[in-house]
Amino acid sequence: MILGIATVVVLVLVAVALLPTKKRDRDGNNLNFTQPFVRPTNYRQQQLNEEAEAIADEYQRRADEAWRDELGEKAATLLKSKPATTSRSSKS
């Protein structure tokens, strides 16, 4: 029973960790504490801020994608290097 609950908790945590960060950011956009509230002084400043945010989002997306690709390659390598048959200790 406890093992089943622990398994479900671990699966939920893994699913949350694998959600795209952009979706989590969009959901918690109202609670963005990392950037102080600064009113743009003019239209050009607002454009620059939006472009900077777009570039940062794209950089984060590409970094996340590269990380997932690398993680997938490492997982595939580990699965391939795992012996196909389980080693059993033989008692003679």
Colleague: Between atom CG of N42 and atom CG of L48, what is the distance when rounded to the nearest 0.5 Å?
Modeller: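 Those atoms lie 8.5 Å apart.
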
Colleague: Output the distance between atom CG (D57) and atom CD (Q60), rounded to the nearest 0.5 Å.
Modeller: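 Between atom CG of D57 and atom CD of Q60 there are 8.5 Å.
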
Colleague: Got a second to check how far D64's CG is from L71's CG, nearest 0.5 Å?
Modeller: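 The CG atom of D64 sits 12.0 Å away from the CG atom of L71.
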
Colleague: How long is the straight-line distance from CZ of R61 back to CD of E58, given to the nearest 0.5 Å?
Modeller: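 It comes to 4.0 Å.
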
Colleague: Using 0.5 Å steps for rounding, measure from the CD atom of Q45 to the CD atom of E50.
Modeller: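 Going from the CD atom of Q45 to the CD atom of E50 covers 11.0 Å.
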
Colleague: Do N49 and E53 meet the criterion of a side-chain donor-acceptor pair at a distance under 3.5 Å?
Modeller: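 No, no side-chain donor-acceptor pair sits under 3.5 Å.
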
Colleague: If the threshold is 4.0 Å, N to carboxylate O, is there a salt bridge linking R62 and E65?
Modeller: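 No, R62 and E65 are not salt-bridged.
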
